[in-house]
Structures are given as structure tokens and as C-alpha cells.
Peer 1: 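First the structure, which I've put down as C-alpha cells, then a few questions once you've had a look.
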Amino acid sequence: MLINVPETVVADALRGMASAHPELAVDVENRVIVRRDAPLAGKVGLVSGGGSGHEPLHGGFVGPGMLSAACPGEVFTSPVPDQMVRAAAAVDSGAGVLFVVKNYTGDVLNFDMAAELAEDEGIQVAKVLVDDDVAVTDSLYTAGRRGTGATLFVEKIAGAAAEEGQPLERVEALARQVNENSRSFGVALTAVTTPAKGSPTFDLPAGELELGIGIHGEPGRERRPMMTSGEIAEAAVDAILADITPRNPVLVLVNGMGATPLLELYGFNAEVQRVLGERGVPVARILVGNYVTSLDMAGASVTLCQVDEETLRLWDAPVRTPGLRWGM
Amino acid sequence: MLINVPETVVADALRGMASAHPELAVDVENRVIVRRDAPLAGKVGLVSGGGSGHEPLHGGFVGPGMLSAACPGEVFTSPVPDQMVRAAAAVDSGAGVLFVVKNYTGDVLNFDMAAELAEDEGIQVAKVLVDDDVAVTDSLYTAGRRGTGATLFVEKIAGAAAEEGQPLERVEALARQVNENSRSFGVALTAVTTPAKGSPTFDLPAGELELGIGIHGEPGRERRPMMTSGEIAEAAVDAILADITPRNPVLVLVNGMGATPLLELYGFNAEVQRVLGERGVPVARILVGNYVTSLDMAGASVTLCQVDEETLRLWDAPVRTPGLRWGM
Amino acid sequence: MLDADFFRRWMAVTSAAVDREAEWLTALDSPIGDADHGSNLQRGFGAVRAALDEEPPVTPGAVLTRSGRLLISTVGGASGPLYGTLLRRTGKALGDAPEVSREQLAEALRTGVDAVRQLGGAAPGDKTMIDALVPAVDALGDSFAAARAAAEEGAVATTPLLARKGRASYLGERSIGHQDPGATSAALLIAGLAEASGTSEAGEASGE
Amino acid sequence: MLDADFFRRWMAVTSAAVDREAEWLTALDSPIGDADHGSNLQRGFGAVRAALDEEPPVTPGAVLTRSGRLLISTVGGASGPLYGTLLRRTGKALGDAPEVSREQLAEALRTGVDAVRQLGGAAPGDKTMIDALVPAVDALGDSFAAARAAAEEGAVATTPLLARKGRASYLGERSIGHQDPGATSAALLIAGLAEASGTSEAGEASGE
Ligand SMILES: Nc1ncnc2c1ncn2[C@@H]1O[C@H](COP(=O)(O)OP(=O)(O)O)[C@@H](O)[C@H]1O
Ligand SMILES: Nc1ncnc2c1ncn2[C@@H]1O[C@H](COP(=O)(O)OP(=O)(O)O)[C@@H](O)[C@H]1O
Ligand SMILES: [Mg+2]
Ligand SMILES: [Mg+2]
Ligand SMILES: [Mg+2]
Ligand SMILES: [Mg+2]
């Protein structure tokens with residue numbers, strides 16, 4: 001691994017972000033990344049965060065048109081409430097703050113505690129849970145579905161609404177709507193190696209793959225002999241379509257888990273588009289790249305997000321962050 | 001690997017690019033990626049290309065402010081002259097075409113043949129060789145230095161000049177100047193696996209690294225026991241500074257080879273910036289990410305490019321490509 | 001009776017145990033989790049130990065509330081808020097008494113465990129730390145050693161269970177056959193009581 | 001004398017040999033190159049074979065110029081222009097004679113090899129295909145079998161050399177100890193002459 005010591009990986013990365021992105025205020029010690037121009041009068045603050053190792057998510061999505069601040073935790077470990085409270089205080093203009101929380105026990109608990117503490121400090125806080133992964137059985141008796149690729153859609157679309165000055169309830173409702181209209185499915189071709197462990201988290205022989213994986217290096221729901229890109233596209237799209245039947249056009253995220261070459265990812269996108277075409281799903285926009293990653297895991301995920309006129313407009317709105325940028 | 005069969009990897013990727021980037025004209029059969037608005041009256045055409053497996057280079061750098069067209073070869077294999085002639089014909093407005101060629105025997109020979117053929121068709125062609133890798137001994141009796149990270153700087157800055165309507169000689173001179181002022185050095189933490197071979201191209205145990213690697217999965221100049229990110233930064237920067245002493249500020253590219261997580265890459269950037277600071281090298285801009293990759297290789301390269309007021313202005317100029325985008 | 005010193009020792013020996021077993025905890029967290037449980041708790045209990053050394057609280061309750069708050073502020077993940085809440089609520093339940101009995105601790109710890117159950121929504125049998133903590137609290141009335149044995153048994157007994165909470169639940173059937181890392185660390189925490197009482201084998205005699 | 005049919009056979013057996021040895025060529029290209037030499041030549045000679053089958057040229061020269069142009073258009077990399085030039089220039093040198101002697105082929109091939117030397121700038125001893133081609137052309141005056149033996153010897157003799165051209169040159173000293181993939185494929189090409197002449201063991205007797 002290209003690191004100094006496992007203990008400083010996150011701090012080192014934040015130092016590196018600080019120098020590469022002078023447009024962001026990176027507080028290395030307290031682990032918050034904030035837009036330099038925050039708080040903006042009348043603007044809702046959008047705060048997210050989660051374990052590190054998913055870059056550019058979330059720190060790379062801070063900037064005009066997207067997040068106001070991000071809180072990076074240790075690798076694959078949700079951040080602590082102190083970070084979130086600090087971020088909320090830094091971005092709140094009085095218009096309130098929306099926490100975008102991926103549905104993991106750790107993230108949920110820490111953001112919940114932070115929301116309580118921030119409210120004690122007089123900040124109005126709303127929360128939206130992202131839980132788009134159809135590989136996980138959803139039930140009242142489990143931790144529910146985990147949040148993966150849809151996070152990008154939620155942060156972008158809610159971020160655009162906040163940038164326009166829409167009020168907290170509206171930004172929250174949009175974020176919830178985007179999540180409800182999003183579904184993801186991922187596959188892994190290799191296991192992940194975390195700095196702390198230093199070796200792959202599980203054993204995955206070269207000729208096999210894991211279907212239905214998350215973004216924390218955990219094994220998936222099922223192991224299978226290697227499949228072609230076309231077969232994987234069918235498995236992923238069909239798993240999603242078994243859960244949701246898009247009537248409106250969809251945004252498509254073909255997301256690399258980290259170590260899959262862009263060349264392969266584009267090829268995978270070709271197959272995903274073929275399958276969507278065969279299944280009659282209309283496509284509005286396509287994004288291909290490494291956006292919600294899992295360190296050095298090889299593999300990919302597909303996220304579909306059904307949009308209407310308004311959410312598509314907000315998706316297309318200008319954004320200026322290290323990880324996603326257009327229109328400015 | 002996330003592929004169908006090795007034989008269709010490049011064609012599959014081009015189909016995937018075509019759907020994801022409707023703003024580009026992707027000719028899958030003939031393997032050229034062209035700006036939809038080309039040729040633009042009076043504008044110099046900027047054409048590059050090379051083996052596939054380095055994405056986003058070059059196809060991801062086609063668009064306003066950068067390349068007019070790109071020719072992707074097979075994986076790690078330079079494209080054939082037919083592609084380059086077709087690309088030149090597609091983008092030439094009469095103002096001439098500049099070929100940006102990475103200095104590899106295959107690329108040089110094929111672009112040379114293409115230049116002859118294009119000139120036969122009445123297209124004015126100039127060529128610039130990129131040869132920035134200080135790990136390779138430069139001599140009249142060898143193939144010379146290979147072209148790596150500097151390609152991005154050459155394509156961006158020459159592309160901005162072409163976009164402004166500067167004439168061929170000027171665009172060519174700028175490209176040459178950028179190359180002459182650029183130096184790179186790379187390290188590999190893992191070997192690469194090409195679709196055709198299906199297994200790592202060489203054996204690199206987990207506790208060792210290769211210093212002075214290129215972008216085609218070839219081993220480097222030297223194998224060493226694993227070093228820290230800080231030590232690697234020192235080795236890379238010092239190898240560059242042994243060859244060039246920047247008097248002006250530099251652009252810094254901290255480039256991932258493909259499988260190194262962005263988290264580690266940012267951490268590596270922190271160390272590169274520390275070393276540059278200690279060596280007294282003034283820094284104008286920093287770019288961190290996977291731009292000139294080597295499929296699934298883990299590792300990173302550092303490129304420094306000394307700029308003056310004009311080249312810095314052209315670097316900052318708007319660009320709108322799949323791989324690099326700002327200002328529009 | 002157990003004084004503040006005992007509780008500081010408890011935290012110290014737990015921290016040492018976590019250091020010693022960090023790799024194992026992370027290894028347990030690999031096949032059914034995200035390979036961070038060991039480093040998470042090392043970070044947290046390391047911070048607890050440092051803070052208690054620097055400025056030792058003078059009541060049992062203060063030691064635990066302070067420790068719990070520190071875990072919440074330094075661990076993150078699921079285990080940070082859960083263990084943090086466990087210690088904080090237990091500490092609160094102890095009030096500001098300068099000394100407490102083992103029975104009082106057992107009662108307070110039950111309050112703490114209930115808070116964890118409420119916060120995380122896990123019931124016994126869901127393959128979480130609850131499966132070590134609940135039997136430990138039940139046995140604590142008897143002795144530290146009994147509590148330790150019960151916790152260890154509870155941790156081992158998570159192996160055949162299907163996970164319904166936490167990351168392991170994502171694996172469905174594939175979570176079966178692996179011991180839960182959080183139940184394992186909970187057993188370390190409970191074992192720390194016996195160790196802190198100075199007689200890890202004959203914990204019954206001491207600590208009251 | 002050698003007619004167009006012989007030259008088409010030459011290309012066909014070379015294509016078959018490249019198919020057979022593709023993995024080996026790519027394996028040789030791994031430690032000192034970029035692991036594509038086998039697939040490069042397979043693609044090229046596959047295209048050559050298909051084109052010659054579809055529309056067979058009627059003179060030896062035309063077979064080779066056509067094949068060379070096809071290699072240039074389909075292979076890419078260093079070997080595409082180099083092998084393409086080799087065949088194209090050799091074919092041009094053969095003119096439009098309907099039949100040529102082995103001696104005429106040897107002379108034409110020398111022109112082709114010279115063009116490769118000029119194009120790539122490699123001299124004998126630089127650890128490239130030149131190290132198989134030059135001795136082969138020298139021996140071709142004697143017999144196909146002699147040419148084949150010389151080429152194979154030349155290829156094997158690249159192993160201890162330090163590469164000065166092509167990708168292997170980037171490795172400096174580390175290029176020593178590996179056989180050059182291009183010299184190896186050049187030996188396959190030359191061996192194809194003997195095979196095409198129908199008497200790979202007694203090539204001397206045939207082909208003239
Ligand atoms: N809802 C819950 N209730 C109780 N304990 C839980 C719950 N979710 C997870 N745990 C415990 O937390 C442990 C994992 O902790 P850790 O690895 O530090 O956090 P994370 O899962 O966020 O990576 C699990 O082994 C389990 O015992
Ligand atoms: N300048 C040169 N002159 C002659 N032969 C060369 C030269 N450069 C490379 N070669 C030959 O080409 C072979 C490599 O071909 P190939 O792998 O197909 O192309 P690439 O190096 O572009 O990947 C080398 O083994 C060598 O024999
Ligand atoms: Mg975790
Ligand atoms: Mg090649
Ligand atoms: Mg964990
Ligand atoms: Mg090669």
C-alpha cells in the first residue's frame with residue numbers, strides 16, 4: 001500500500017486534499033471538509049460523511065451545487081458525532097442542515113447522536129437515510145438495506161436544490177424522493193485490503209466473483225464462477241428491476257469499486273445499456289467512473305435513479321467539486 | 001476481469017463511451033473518438049492516441065479545450081496509421097493537425113506513417129513527441145525516454161491554445177515547450193494483468209515495489225523492499241529534480257496507475273508536497289487522480305511541469321472532456 | 001466495595017486486552033464485517049486510558065461516563081456509540097457514589113445493556129454484543145468469574161447464529177458459522193472486571 | 001522456383017505458427033515488454049490469411065506487399081510497422097515476376113531487412129528481431145533450412161544481450177537474461193519458409 005502507517009492514512013489524505021483543493025477548507029485535525037464560502041446566507045447546509053475508503057465520496061463531493069461539508073471517518077468506520085456537529089455548525093446559516101446518512105448501523109447511530117447535539121446548539125437538523133442496495137434483504141428485523149451508489153444522486157440533486165435556496169423541508173423531501181427512486185447492485189472480482197488489516201479481508205479465488213457486495217469489503221450474498229461482463233450486467237440490472245419498475249427515465253451510475261480499469265468499466269456500461277434497452281428502461285443520463293469506491297476492490301455497481309423533470313433539472317445543474325464537476 | 005472476451009475489450013469500451021458521452025462521436029468500428037463539432041473553421045486539430053489501458057488518456061481527453069480526436073489501439077498496443085489518418089481527416093479544417101505522440105517505438109512508427117499518408121491527402125501535419133520519464137536513460141542509441149504523465153499537460157495546454165485559434169506552428173511550439181519542461185517518475189506496487197494474458201505480467205511480491213516503471217505493465221528499473229509513501233515521494237521527486245531544476249512554479253500531477261485508492265493517492269500527494277516544499281520548488285497547481293493509468297496496476301507517478309504565465313493561463317482555461325473538466 | 005480506582009483499572013485492563021486481541025477482533029470482523037473492529041476499539045480504549053491517566057475521575061460513575069463519552073468521540077462505527085452508551089449509561093446509573101458494590105454494578109450494567117438494546121434494536125440471538133452482555137449481567141450477581149464465563153460462552157454461542165443486526169446481517173445465511181466480533185470484545189470487557197478485581201480465577205472472593 | 005502459391009503458403013504457415021506460439025510470444029513479452037506480442041501478431045497474420053484466402057494475389061511480390069500493408073493496418077505497436085515494412089519492401093523488391101528463385105528472395109529479403117533497420121534504427125546486437133533476421137538472410141543463400149537454423153540461433157542468442165531498442169531498453173541491465181519476443185517471432189517467420197517449401201527438414205532440395 002502507498003501509505004506511511006495505517007494510523008495516519010486518513011490524516012495524510014486530508015493533508016493531501018487540503019493542498020490539492022485550496023477552494024475547500026480542510027480541517028485535518030478535526031476531520032471536516034467544508035466549502036470555503038460556508039455558511040451562505042439563507043442556504044440550507046448539506047452535510048454527509050461516512051467511513052473513508054469510498055473516495056471521492058464524500059469529501060470529493062463538497063463544493064457549490066453539492067455538499068456543504070463532509071466528515072470522513074477512519075477507513076470503513078463511520079465518523080464520530082463531534083465531526084458532524086462541527087460540520088453542521090460551520091455550514092448552518094440559520095436555514096438548517098440536512099444530514100445525508102448512508103444506512104449502516106454505525107453511521108445511523110453517530111449521525112443520530114450528532115443531530116441531538118446539534119439541535120441542542122440551536123441548529124435545525126433534518127436527516128435522510130440512503131438505503132438503495134437491493135442485495136440486502138429489507139425487513140423490520142434487520143439493519144435494513146445499506147446505502148451505496150444512490151448517495152451520489154441524493155447529494156447531487158439535494159445539493160442543487162439547496163444551492164438554489166430551496167428551504168430545508170423541500171431539500172429533505174427531494175433527497176428522500178431521490179433515495180426512494182434509486183436502487184443499486186454490486187459485484188466484486190477481488191476482496192479489499194484495508195490499511196489496518198494489510199491483507200485481503202476474505203479469500204476470493206481469481207476464477208470466482210461475489211454477487212451483491214457492499215462498499216466495505218464485506219463478502220456478497222453469493223459466490224459464483226466468473227461471469228462475462230454481459231452476464232454480470234444482466235444479473236445487476238435484473239436484481240434492480242425485480243425491486244422497482246421505472247416508469248420514468250433513469251439516471252444510470254456505472255460505478256467502479258476502485259481497481260477495475262476505466263476501460264473495463266466502459267465496456268461494462270455498454271452491456272448495462274444493452275440490458276436496459278432490452279428491458280425497455282428509458283435512460284436519461286449515464287455516469288461512468290469511480291465514484292463510490294471500496295479502496296482497491298475490483299468490481300462495479302449499477303445504480304438506477306428514476307427522475308422526473310425537476311430532479312433531472314437539478315441533476316443537470318452546475319456542480320463544482322473535486323469529484324463531480326460541470327457547468328462551472 | 002470485468003470483460004466479455006479479450007478480443008472485444010476495446011470495442012466494448014468504445015460502445016460504452018459512445019452511450020455515456022453523446023457529446024463525442026465515437027466510431028467503434030474504425031476506432032476514432034472525435035469531437036462532434038469538428039472540424040471547426042480555422043482551428044488547429046489536435047490528435048493523439050496510443051494503446052488502450054491508460055484511460056481516461058486519450059479518449060477521455062477529447063472535447064472543447066483539449067483533443068479534437070483520439071485513436072485507441074489495442075490494449076498496450078499503439079493504434080494503426082489508418083486510425084490516425086481518419087482522425088486527422090475528420091478534424092482538419094485546413095488549419096492543420098498536430099499529432100501528440102508518446103515516445104514509444106510503436107507509437108512513433110505508426111504516427112510517422114500516418115503523417116506521411118495524411119500529408120498525401122493534403123493535410124498539414126506537425127508532430128510533437130512526449131518523452132518525460134526520467135526513469136529511462138536518454139541516449140541516441142536507445143529508444144529514448146518514454147512518454148507518460150506529461151501527455152496530459154501537453155494535450156491540455158496545446159488544446160487550449162488550439163481552442164483560442166492559435167496557428168499550427170504556435171500550438172506545436174507550445175506543446176514542445178510543455179514537454180521540454182515536464183518530467184515524470186513512477187512506481188508500481190503490483191504488476192498489471194492484461195486481458196490477453198489474463199495473469200500478472202510479472203511477479204511482484206507483496207512486500208516489494210518497482211521503482212521507475214512505465215505505463216505498460218513493464219517492470220521498472222529497480223526492485224526494492226516496500227517503502228513508505230514519504231520515502232516514495234522523496235525518490236520520485238528527487239529523481240525528477242536530478243534532471244531538471246525548476247525556476248518557475250510547476251504544475252504537479254500526482255497520478256494513480258489504476259488500482260491505488262484515491263485515499264492513498266491524496267496521502268501520497270501530501271508527501272509529494274512536503275518534499276517539494278523542502279526542496280524549494282514553487283507549486284502553481286496540483287492535480288490528483290487517475291489520469292494516465294496502467295489498467296489495474298497499483299502505484300503512482302509524479303509529473304512536474306514548469307509553467308510560465310502563458311502556459312499557466314492555458315492550463316487554467318476552460319476544458320470540457322470526460323476526464324478533465326472545468327470552467328464549462 | 002468497588003472504588004474509582006477499581007473502575008480505572010477495569011478500563012486499563014480492557015484497553016490492554018483490546019491491544020492484545022486487536023488482530024483477532026479484526027480477523028473476526030473480516031469474513032462477516034469490514035475488518036475494523038480491533039482497530040476501532042484500540043483507538044477508543046487507548047483514548048480512554050490516556051484520558052483517565054491524565055485526569056483521573058474520582059467516582060466510579062464518573063470513570064464510566066467519561067469513558068463512554070470518549071468512546072463515542074473517538075471510535076465511530078457501530079461499536080463506538082454502542083459501547084459508549086453502555087459505559088455512559090452504566091456510569092450514570094451509578095450516580096456519584098464514591099464506592100459501589102458488585103450488586104450495584106450489576107444493576108447499573110443492566111441499565112447500560114438495556115440502553116444498548118434500545119439504541120441498536122438488537123435482541124438476544126441477533127448475533128451481536130448483546131449475546132455476550134446479557135448473560136454476563138445475569139451472572140454478575142454471582143461473581144465476576146461467573147460473568148466472565150457467561151460472556152465468553154455467549155460470544156462463542158454466536159457462531160451458529162444468523163445475523164440480524166449490524167453488517168453481518170447483509171450476508172444473510174452466509175453469516176452463519178462465524179463468531180461475532182462485538183460479542184467477542186464484549187467478553188473481553190467483562191473479563192476485565194475479574195482481572196481488575198485482582199483475582200481473575202477467584203473473582204468471587206474479591207471486589208465486594 | 002517459388003510461385004505466388006508458395007508465398008501464400010508461407011503466410012498461412014506463419015499465421016498457424018503464430019497462433020500455435022502466441023502464448024509463448026506474449027509470455028516472452030511479459031518480463032521485458034508489455035505482454036502483447038503474441039496477440040499482436042495473431043491479429044495481424046490472421047487478417048493476412050483471411051485476405052489472401054479471399055482474394056489471392058497472383059505474384060509473389062503482390063502477396064508480400066499486400067500482407068505487409070495488412071500488417072501495418074491491423075497490428076499496431078512496434079511490430080506492426082516493422083513486420084509490415086519487412087514484407088512490403090521485400091514484396092516491392094520482388095517486382096511483378098510470376099516466379100522467383102530462392103536467391104532472388106534472399107536478395108529481396110535483404111532489402112526488406114535493411115528497411116526495417118532504417119525504420120527502427122536497430123543494429124545487430126540491440127536485442128530485436130534484427131538479431132534473427134540478419135543471420136537468416138545471410139544463410140538463405142544456402143537453404144531454407146539453414147536460414148531457419150540461423151534465425152533460431154539468432155533468437156536464442158538475444159538472451160544475454162542488453163536491449164537498446166524497443167520497450168525492453170527501458171529496463172536497462174534488467175533486460176539481460178530474457179529472449180527477445182520479436183527475434184523469436186522472426187524465427188517463426190523464417191521457419192515458415194522451410195515449412196512452406198514442403199520439406200522442413202530437407203529444405204535445401206526444394207523451393208528452387
Ligand atoms: N444494532 C446493533 N446492536 C448491538 N450490537 C451491534 C449492532 N450492530 C452491530 N453491533 C455490534 O458491533 C460489532 C461491529 O463493530 P465494529 O466493527 O466496530 O463496527 P462497524 O460494524 O460499524 O464496522 C458487531 O460485531 C456487533 O457485535
Ligand atoms: N526499433 C526496433 N527495431 C527493430 N525491432 C524492434 C524495435 N523495437 C522493437 N522491436 C521488436 O519488436 C518486438 C516487440 O513487438 P510488440 O510487442 O508487438 O510491440 P510493442 O513493443 O509495441 O508492444 C521486440 O521484441 C523487438 O524484437
Ligand atoms: Mg466499520
Ligand atoms: Mg505493445
Ligand atoms: Mg467493523
Ligand atoms: Mg509488446
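Proteins come first, then strands; the chains are lettered A, B, ... in the order of their sequence lines, and each starts at number 1.
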Peer 1: In terms of heavy-atom pairs under 4.5 Å with chain A, which of S73(C), P31(C), A22(C), G38(C) leads?
Peer 2: S73(C)

Peer 1: Which atoms of T137(A) come close to chain C, meaning under 4.5 Å heavy atom to heavy atom: side chain ones, backbone ones, both, or neither?
Peer 2: neither

Peer 1: Is K127(C) reaching over with its side chain to a backbone N or O of S175(C), donor-acceptor style, under 3.5 angstrom?
Peer 2: yes

Peer 1: Heavy-atom distance under 4.5 Å to chain A: side chain of S39(C), backbone, both or neither?
Peer 2: side chain

Peer 1: Among G214(A), G220(A), S199(A), who wins on heavy-atom pairs under 4.5 Å with chain C?
Peer 2: G220(A)

Peer 1: If you count heavy-atom pairs under 4.5 Å between each of T105(A), T77(A), T142(A) and chain C, which one has the most?
Peer 2: T77(A)

Peer 1: I'd like to check D3(C) versus P98(C) (side-chain heavy atoms, cut-off strictly below 4.5 Å). Are they in contact?
Peer 2: no

Peer 1: Against chain C, label V136(A) side chain, backbone, both or neither, depending on which of its atoms sit under 4.5 Å from a heavy atom there.
Peer 2: side chain

Peer 1: Measuring heavy-atom distances to chain C, does P79(A) have an atom under 4.5 Å in its side chain, in its backbone, in both, or in neither?
Peer 2: backbone

Peer 1: Just so I know, are the side chains of E55(A) and N290(A) near enough to count as touching, which here means a heavy-atom distance under 4.5 Å?
Peer 2: no

Peer 1: Any Lys/Arg nitrogen of R8(C) or D53(C) sitting under 4.0 Å from an Asp/Glu carboxylate oxygen of the other?
Peer 2: no

Peer 1: Please determine whether a side-chain nitrogen of the Lys or Arg among D112(A) and K127(A) lies less than 4.0 Å from a carboxylate oxygen of the Asp or Glu.
Peer 2: yes

Peer 1: Quick check on S79(C) against chain A: is it the side chain, the backbone, both or neither that has a heavy atom closer than 4.5 Å?
Peer 2: neither

Peer 1: Pick one: which of E210(A), E222(A), E218(A) meets salt bridge (Lys or Arg N to Asp or Glu O under 4.0 Å) with R174(C)?
Peer 2: E210(A)

Peer 1: With only heavy atoms counted, which part of V75(A) is less than 4.5 Å from chain C, the side chain, the backbone, both or neither?
Peer 2: backbone

Peer 1: Assign the ring pair F76(A) / H216(A) to parallel, tilted or perpendicular, where the plane angle (0 to 90°) is split at 30° and 60°.
Peer 2: perpendicular

Peer 1: Contact part of N110(A) toward chain C, heavy-atom cut-off under 4.5 Å: side chain, backbone, both or neither?
Peer 2: both

Peer 1: Quick one: of G172(C), G77(C), G121(C), who has the most non-hydrogen atom pairs under 4.5 Å with chain A?
Peer 2: G77(C)

Peer 1: Please classify the contact between E7(A) and chain C as side chain, backbone, both or neither, with a heavy-atom cut-off of under 4.5 Å.
Peer 2: neither

Peer 1: Tell me which one of D238(A), D243(A), D132(A) satisfies salt bridge (Lys or Arg N to Asp or Glu O under 4.0 Å) with R183(A).
Peer 2: D243(A)

